[in-house]
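Beneath this line is the structure, given in structure tokens, with notes to follow.
Side chains are part of it too, since the values below use all heavy atoms of this structure and drop only hydrogens, waters and symmetry mates. Every chain is numbered from 1, with letters handed out A, B, ... down the list of sequences.
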Number of protein chains: 2
Amino acid sequence: MNSQSEEDYLKALYHLEMEFDSVSTNSIADYLDMKPSSVTDMLKKLAEKKFINYQKYKGTSLTKKGKLIALSIIRKHRLWETFLVDKLGFGWDQVHIIAEQLEHIKSEELIKNLDNFLGNPKYDPHGDPIPNKDGEIEKMNQKLLVELKASQKGIITGVKKGTASLLNYLDKEKVKLGDSIKVIEILEFDGTYIVEINKRKLTFSEKICQNLLLETND
Amino acid sequence: MNSQSEEDYLKALYHLEMEFDSVSTNSIADYLDMKPSSVTDMLKKLAEKKFINYQKYKGTSLTKKGKLIALSIIRKHRLWETFLVDKLGFGWDQVHIIAEQLEHIKSEELIKNLDNFLGNPKYDPHGDPIPNKDGEIEKMNQKLLVELKASQKGIITGVKKGTASLLNYLDKEKVKLGDSIKVIEILEFDGTYIVEINKRKLTFSEKICQNLLLETND
DNA sequence: ATATTTTTTTAGACTAAACTAAAAATTACA
DNA sequence: TGTAATTTTTAGTTTAGTCTAAAAAAATAT
Ligand SMILES: [Mn+2]
Ligand SMILES: [Mn+2]
Ligand SMILES: [Mn+2]
Ligand SMILES: [Mn+2]
């Protein structure tokens, strides 16, 4: 059985590998808010367990085994987040810290039953795809709204990391994940987007457009 | 914030205080499957934090503060058990180990919302009362079936510790917690009880009667 | 190509929570 | 009441996971 700490490291490794092409000791330390020396210690242990490929001074990558564990933690995290929002009435922005604890509960049966109870959801409340029990995860064709030109369309799937307040704003504007969005016009002056969502015209600042994630069909 | 281990000790203390009038170091060690020396170490720490009254060689008791924490863990344990059975379809006998982990998740809001989601249940799936958020718990007027005489009545509230298989048996016989039970006849020869539950006559061995808990109205 | 800066690792320390073995206190009983 | 048995505590060890400070390696800049 893996410890909570090991699981958090593997998850961090996975997220960092997604975002950057090389994962350094310092980047892990930053991500987990720990000291690089602590990270080195843990990397040695994870390498010992064959969860990562690690050679000192050379950086790290998850092995197949390590990636599967990371994905199983992510699956649990996102299922619990879905539970908290859909069933317990939490807001989008409140669930992450709680799921950070719940993701470490050990019981295969629990997750199987939770998944069924939730109706086998494909996406979590932030629009992130939920890996299946075999660790398969949908690779999203994600774009930022700011990358679209006038008349292009997409489906709102989420917001960039660290912009929880944007979710709240969308909520207030009655914009939900899964809503279709179409660019009507882009103002040259300040990059403001005029878009249509649910037959309503809305105006989004450039900053919003830089943080709103869409799934597009190209 | 208290550690998982501290919480498990406080809960053990609470249960042992309920069952026996004095709580010894060895009884705690037995209960938690640990060595007495480990228990002594923890008792010192809990005394330091004013969760227990402890004087070496003199035994232990929970302070008001300690009892409140114990009850909050028990509340969480029983609410999670209720969730697992009522919502996720687990059986009575499967939920304890999982709740043993879930009870340590830290979030007031989570428990508040879970409680509402479950419809503010008063009893857990084993028939044990769920403490309220202020740590108030119903003192049950519990009896064993074997204590009843012919023609007396009660409501089935649970089974004694360590008799999970009895719950399964009751399940198979379509007997549920909350069902009313009336003693029809007690066979002198072997102490077998003939009882009526839901208009049906059932026969319970003496062993069953020694382990079946009822709420009575005396 | 060398020196400086940055990154990473090592060495050593600390805390929490467990353990074993031995000592001390308490309890039981002859 | 004194000895033996039992219970409890102490002393010292272990492991996991963190830290600080210093050393070593790698990357960058002159
Ligand atoms: Mn976590
Ligand atoms: Mn999420
Ligand atoms: Mn527990
Ligand atoms: Mn229970």
Could you check how far [atom1] of [X] sits from [atom2] of [N], rounded to whole Å?
| X | N | atom1 | atom2 | result |
| --- | --- | --- | --- | --- |
| B:Glu6 | C:dA18 | CD | P | 10 Å |
| B:Met1 | C:dA16 | CE | P | 15 Å |
| B:Lys58 | C:dT27 | NZ | C1' | 13 Å |
| A:Ile28 | C:dT7 | CD1 | C1' | 13 Å |
| B:Glu48 | C:dT15 | CD | C1' | 15 Å |
| A:Gln4 | D:dT15 | CD | P | 22 Å |
| B:Asn2 | C:dA16 | CG | C1' | 14 Å |
| A:Leu43 | C:dT8 | CG | C1' | 10 Å |

Are there any protein N/O atoms within less than 3.5 Å of an N/O atom in nucleotides 19-22 of chain D, and if so, which ones and at what distance?
{"unit_1": "D:dC19", "atom_1": "OP2", "unit_2": "A:Lys35", "atom_2": "N", "d": "3.2"}
{"unit_1": "D:dC19", "atom_1": "OP2", "unit_2": "A:Ser38", "atom_2": "OG", "d": "2.5"}
{"unit_1": "D:dT20", "atom_1": "O4", "unit_2": "A:Ser37", "atom_2": "OG", "d": "2.9"}

Notebook entry, point to check: Between B:Tyr31 and B:Tyr9, is the ring centre distance below 6.0 Å?
Noted result: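 Ring-ring flag for B:Tyr31/B:Tyr9: false, centres at least 6.0 Å apart.
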Please confirm whether the shortest side-chain N or O distance from [X] to OP1 or OP2 of [N] is below 4.0 Å.
| X | N | answer |
| --- | --- | --- |
| B:Tyr57 | D:dT10 | no |
| A:Lys56 | C:dT10 | yes |
| B:Asn26 | D:dT8 | yes |
| A:Ser5 | D:dT18 | yes |

Margin query: At under 4.0 Å between heavy atoms, how does the protein contact nucleotides 1-6 of chain D? Give one character per nucleotide, 5' to 3', with B, S or -.
Written below: ------
Establish, from distance only, whether the side-chain atoms of [X] and [Y] form a donor-acceptor pair under 3.5 Å.
| X | Y | answer |
| --- | --- | --- |
| B:His96 | B:Glu100 | yes |
| B:Asn26 | B:Ser24 | no |
| A:Glu206 | A:Tyr193 | no |

Notebook entry, point to check: Would a distance-only check, ignoring hydrogens and angles, find a side-chain to backbone donor-acceptor pair under 3.5 Å from A:Arg78 to A:Tyr123?
Noted result: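 Checking the backbone N and O of A:Tyr123 against the side chain of A:Arg78, no donor-acceptor pair under 3.5 Å is found.
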Check: Which of the following nucleotides, D:dT18, D:dT8, C:dT10, is nearest to the side chain of A:Lys44?
Finding: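 Nearest to the side-chain atoms of A:Lys44, counting from C-beta on, is C:dT10.
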Check: Taking the side chain as C-beta and beyond, is there a heavy-atom pair between B:Lys106 and B:Glu7 under 4.5 Å?
Finding: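 A side-chain contact under 4.5 Å exists here.
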Notebook entry, point to check: Do A:Leu214 and A:Ile181 come close enough that some side-chain heavy atom pair is under 4.5 Å?
Noted result: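 When only atoms from C-beta onward are counted, A:Ile181 and A:Leu214 do touch, with a gap below 4.5 Å.
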Check: Base, sugar-phosphate, or nothing: which does B:Thr25 touch, judged by heavy atoms less than 4.0 Å apart?
Finding: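 Touches sugar-phosphate only.
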Check: Pick from A:Ile69, A:Ile74, A:Ile73: which one makes a side-chain contact (heavy atoms from CB on, under 4.5 Å) with A:Leu10?
Finding: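 Looking at A:Ile69, A:Ile74, A:Ile73, the match for A:Leu10 under the side-chain contact (heavy atoms from CB on, under 4.5 Å) is A:Ile69.
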Next item on the list: Taking all non-hydrogen atoms of both residues into account, name the closest pair between A:Ser107 and B:Ile98 and its distance.
Entry: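 Smallest heavy-atom distance, with atoms named: OG-CD1, 3.5 Å.
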